[in-house]
Amino acid sequence: MSEENDGKKFMFVNRRAPYGTIYAQESLEVVLIAAALEQDVSLLFIDDGVFQLTKGQNTEGVGMKNFSPAYAALGDYDVSKLYVEKESLEERGLTLDDLQHLTWEDEDDDWAEKDSIRLISRDEVKKLIEEQDVLLSF
Amino acid sequence: MSEENDGKKFMFVNRRAPYGTIYAQESLEVVLIAAALEQDVSLLFIDDGVFQLTKGQNTEGVGMKNFSPAYAALGDYDVSKLYVEKESLEERGLTLDDLQHLTWEDEDDDWAEKDSIRLISRDEVKKLIEEQDVLLSF
Amino acid sequence: MAILHTVNKSPYEKTSLESCVQRSDAGAAILLIEDGVYAALAGGAKAELVKAALADRKVFVLEPDLKARGLADQALIEGVESVDFDGFVDLTTQYDQVNAWL
Amino acid sequence: MAILHTVNKSPYEKTSLESCVQRSDAGAAILLIEDGVYAALAGGAKAELVKAALADRKVFVLEPDLKARGLADQALIEGVESVDFDGFVDLTTQYDQVNAWL
Amino acid sequence: MKYAIMINEGPYNHQASDTAYNFCKAALDKGHEIIRVFFYHDGVNNATRLGVPPQDDRNITEKWVALGKEHDLDLSVCVAAAQRRGLLDEGEAQRWGKDVNNIAEVFHITGLGQLVEACIQADRLVEFGD
Amino acid sequence: MKYAIMINEGPYNHQASDTAYNFCKAALDKGHEIIRVFFYHDGVNNATRLGVPPQDDRNITEKWVALGKEHDLDLSVCVAAAQRRGLLDEGEAQRWGKDVNNIAEVFHITGLGQLVEACIQADRLVEFGD
């Protein structure tokens with residue numbers, strides 16, 4: 001259990017790229033519900049999941065819905081822990097600058113705006129997975 | 001066009017394992033129709049597609065239909081060209097002995113029973129793909 | 001905590017197993033199901049993935065899926081243990097949580 | 001004959017592109033669509049696959065899919081040509097047949 | 001032990017639903033409790049009553065219906081995923097002005113909150129997908 | 001140039017149907033002919049008239065219906081794949097004793113022979129799947 005939250009530790013494991021399949025988009029709906037039900041929610045982005053967070057997504061040419069603004073809205077739902085694996089980013093030739101700048105406001109720190117994305121190593125991913133009560137993979 | 005057949009050269013490219021997905025099973029239905037419509041049909045097994053041909057498949061424990069007998073029936077529909085890529089077999093630790101022994105009867109050779117499976121190299125696969133009129137991938 | 005990781009994809013087709021092996025901790029278990037069972041073949045070029053996992057994790061394979069695929073008589077990597085669906089259920093009770101590498 | 005091969009899977013997730021590169025002939029073309037477009041990124045660890053293909057084949061990438069994925073400003077591997085859906089159609093007329101590596 | 005089960009793929013095209021069924025049956029036979037089977041993504045298509053598989057093949061929907069009846073299972077179908085894909089019950093059909101519905105007995109349509117609630121109550125979530 | 005198009009995945013879950021639609025539209029705009037769009041495997045689910053996607057998203061089935069009407073397209077759904085997955089027209093529903101059907105206008109159910117025939121007549125087959 002986390003310190004701030006009496007709910008279970010829910011981790012959403014995102015391993016797939018957006019648009020090719022719907023999993024990334026539909027998983028966000030579960031994230032919001034889990035947050036609304038006051039669970040201790042975090043998101044993990046590994047493998048092609050890191051592609052979900054790229055900035056500048058423009059779906060006009062493919063005729064699909066651009067759901068990337070939903071990631072920026074997560075902070076409003078108190079979802080502030082978005083773990084991105086450093087090795088996955090590097091393998092794909094991306095840096096943090098290629099991703100959206102996502103923030104949340106910390107109630108316990110006079111509503112200071114803080115970064116939601118936390119870059120972690122593969123070894124830290126290993127440990128983080130072991131600490132969860134519920135793992136939902138999409 | 002082949003010598004024996006006025007139809008188009010249809011090649012069915014099988015790259016996926018059976019049972020995990022339905023593609024292998026449903027593709028066979030197209031093969032039979034193409035043969036019935038007197039097209040010049042061949043099947044190519046590469047990558048995990050070679051797993052489709054293993055002998056001794058027994059689906060009792062998973063509750064799915066065992067469709068592997070359909071491969072043995074292909075000869076009856078004059079489908080006699082089943083190309084299996086040697087490198088794909090080897091990578092998976094399999095040999096021809098692990099596969100079903102599939103045969104057809106050659107009308108032009110006094111109905112002699114002949115092997116349907118033709119082991120070919122990756123380089124031969126390259127050439128074979130280029131010779132087709134229609135490529136259906138499953 | 002120790003996690004039971006399930007992998008249902010062939011290591012020759014998808015990188016799910018590799019990803020799982022890289023990110024599962026010592027003491028965890030990996031259960032190969034559906035097309036994931038191909039990773040357990042001793043003679044396969046991808047056998048190294050399971051061998052690496054066996055250094056500090058348990059690896060199980062779902063026997064009904066092996067049989068469906070005609071692999072009942074194939075040699076499995078030494079150390080891989082076969083389970084049926086009853087055994088699958090038991091594993092989910094013996095480990096603390098389950099994570100699916102789809 | 002020269003074939004247009006389409007690849008719609010990320011090379012980081014599936015082996016479709018690798019399989020296609022190994023089995024497409026000189027003079028063929030490879031068109032990266034959907035999640036296949038990730039293979040065109042210059043900085044990616046899988047860039048070698050496309051570079052190998054470019055030795056004797058053309059490689060194209062579907063720009064609407066790049067844009068959807070926020071990759072419009074990313075550097076592509078030198079030699080990869082962008083096309084839109086009109087260009088996709090034109091490629092299917094310029095090559096003799098189309099084969100999808102799913 | 002209490003389980004929540006999630007199924008992410010439709011019937012026949014992927015093995016996910018078959019594997020989930022076999023897992024559930026084994027768990028129930030051992031006396032475990034299944035709090036809810038939640039059908040998400042293409043998994044909602046398992047709930048159609050219109051499927052007519054070949055006679056020599058299994059009918060996946062009917063297998064779930066029978067297991068559901070025998071063990072009083074909660075077979076929940078995500079409403080948002082179901083709407084997208086055209087899997088409706090009578091109420092949903094009326095709400096959206098559709099002339100018919102296609103859901104099988106025992107299955108019922110519900111919100112994603114029921115997935116999260118099941119995860120909260122259960123000792124284990126076991127997920128089956130592609 | 002004459003095309004046969006094959007779509008192997010259902011709407012929304014995979015991009016296949018969207019990509020195929022964009023390809024067909026571009027080909028038709030250029031004056032090419034599309035002999036047939038053939039929906040196979042989970043692709044048959046594109047033909048349901050019961051889908052209700054969110055208002056801010058595209059309705060894939062309606063896009064196909066509109067394109068089909070505009071260009072008099074042959075949108076063929078494989079009968080065997082459709083039966084398995086619960087996609088029925090009126091005749092199929094009657095044949096199998098089902099109380100309703102769920103196929104959208106313009107789409108029609110037909111045999112696999114129509115896929116092979118389209119490949120025979122077409123200059124190119126273009127396949128979209130997973």
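Numbers restart at 1 for each chain; the letters A, B, ... are given by sequence-line order, proteins then strands.
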Show me, pair by pair, the donor and acceptor atoms from chain A and chain F that are under 3.5 Å apart.
| residue | atom | partner | partner atom | Å |
| --- | --- | --- | --- | --- |
| A:G20 | O | F:Q15 | N | 3.0 |
| A:I22 | N | F:N13 | O | 2.9 |
| A:Y23 | OH | F:N13 | ND2 | 3.1 |
| A:V62 | O | F:N22 | ND2 | 3.1 |
| A:K65 | NZ | F:D56 | OD1 | 3.4 |
| A:K65 | NZ | F:D56 | OD2 | 2.8 |

*Nearest heavy-atom neighbours spanning A:K81 and A:D40*: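 Closest approach of A:K81 to A:D40, heavy atoms only: NZ-OD1, 2.6 Å.
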
*Counting N and O atoms only, with roles assigned by atom type, does the side chain of A:S88 sit under 3.5 Å from a partner on the main chain of A:I46, one being a donor and the other an acceptor?*
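No, because the side chain of A:S88 does not come within donor-acceptor range (under 3.5 Å) of the backbone of A:I46.
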
*asked:* Taking the side chain as everything from C-beta on, heavy atoms only, tell me whether A:F51 gets closer than 4.5 Å to A:R92.
replied: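 Sidechains of A:R92 and A:F51: in contact.
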
*Name all residues meeting the side chain to side chain donor-acceptor pair (under 3.5 Å) criterion together with A:S121; count only those two or more places apart in sequence or in a different chain, and write none if there are none.*
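In terms of side chain to side chain donor-acceptor pair (under 3.5 Å), with neighbours along the sequence ignored, A:S121 is linked to A:E124.
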
_Once ring-ring contact (aromatic ring centres under 6.0 Å, His included) is applied, what residue pairs with a partner in residues 108-136 of chain A remain, sequence neighbours excluded?_
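Applying ring-ring contact (aromatic ring centres under 6.0 Å, His included) to every pair that reaches into residues 108-136 of chain A, excluding sequence neighbours, yields nothing.
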
_Going by the rule side-chain contact (heavy atoms from CB on, under 4.5 Å), which residues pair with A:K114 if we only count those two or more places apart in sequence or in a different chain?_
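For A:K114 the side-chain contact (heavy atoms from CB on, under 4.5 Å) partners, ignoring immediate neighbours, are A:W104, A:D106, A:D109, A:A112.
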
